[in-house]
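Small disclaimer: the values here were computed from a predicted structure and weren't measured. Chain letters run A, B, ... following the sequence lines, proteins first and then strands; every chain starts at 1.
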2 protein chains.
Amino acid sequence: MERIPILKMGRFLLVTIQVDLYDRLALTLEEDLVQMVYDTGASGVLIDISALSIVDSFMGRIIGNIAGMSSIMDAETVVVGMQPAVAITLIELGLPLAGVHTALNVERGMALLESRMSARPDDTSDADDD
Amino acid sequence: MERIPILKMGRFLLVTIQVDLYDRLALTLEEDLVQMVYDTGASGVLIDISALSIVDSFMGRIIGNIAGMSSIMDAETVVVGMQPAVAITLIELGLPLAGVHTALNVERGMALLESRMSARPDDTSDADDD
């Protein structure tokens, strides 16, 4: 496995993490994602982690990194599908994912992004949205 | 990795295959998918294989199986993101994926499903969906 696919869905990008991120794969994902936000002008990034039953501090940090990078590229990040055990671990590790929105599943994550987009004072991504 | 996540997006289901399907994982995916079509009343299934750089005859057969199962559950299947080398291999293996629609990426796949849904004479999925 060389890279994790990033799917463009309308104004958002969707990443499904199904495998443990080792160092190089994580870096490639970060690079690909930031580049894709730049190329597509996406206004939101959904990271689905429903396949992950455990996370470690590395994984938590990577998710935080991605959210931070997306944020300064003007795209919001929503982590979706977090399993209960993962939420417990993240808090116990002291990684509360500051600045990252979460939602129960992809549909709710998309609804969250949509509502945040429409609440923006200046929406440049969609001229006919008002 | 125990199972491949299936994401519900509106009326469609999205499966991103990122790892080689071994026997049990493939069977679990088939079961999960058919069950989820039943539970959600989804009218379309998108299978993203953009992460696969090679396929073998087993993989080709599984994709064909999933499409066949979805079809008799009244959901259409679109395989999206196929890499050129994969297309070459499938034909050379004699697996032309009969009955499976294909599209270049998820967005086009969704557009294809939308257009096919709207072309249906009797669309029952909308009645209880909103």
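By the 4.5 Å heavy-atom criterion applied to side chains, A/L95 and A/I63 are not counted as neighbours. Contact of the B/I54 side chain with the B/T89 side chain is not registered, since no non-hydrogen atoms from C-beta on lie closer than 4.5 Å. Using a 4.5 Å heavy-atom cutoff, the side chains of B/M69 and B/L33 are not in contact. In this structure, the side chains of A/M59 and A/I17 come closer than 4.5 Å at one or more pairs of heavy atoms. Taking 4.5 Å as the limit, every side-chain heavy atom of B/V106 sits out of range of all side-chain heavy atoms of A/K8.
Taking hydrophobic clusters as Ile, Leu, Val, Met, Phe, Trp and Tyr residues chained together by side-chain heavy-atom distances below 4.5 Å, B/I72 does not share a cluster with B/I66.
Interface remark: A/N105 contributes no atoms to any contact with chain B (heavy atom separation under 4.5 Å). With a 4.5 Å cut-off on non-hydrogen atoms, A/L14 touches chain B through its side chain but not through its backbone.
The nearest pair of heavy atoms linking A/S50 to A/D48 is OG-OD2, 3.0 Å.
Chain B is approached within less than 4.5 Å, heavy atom to heavy atom, by no residue from residues 77-88 of chain A.
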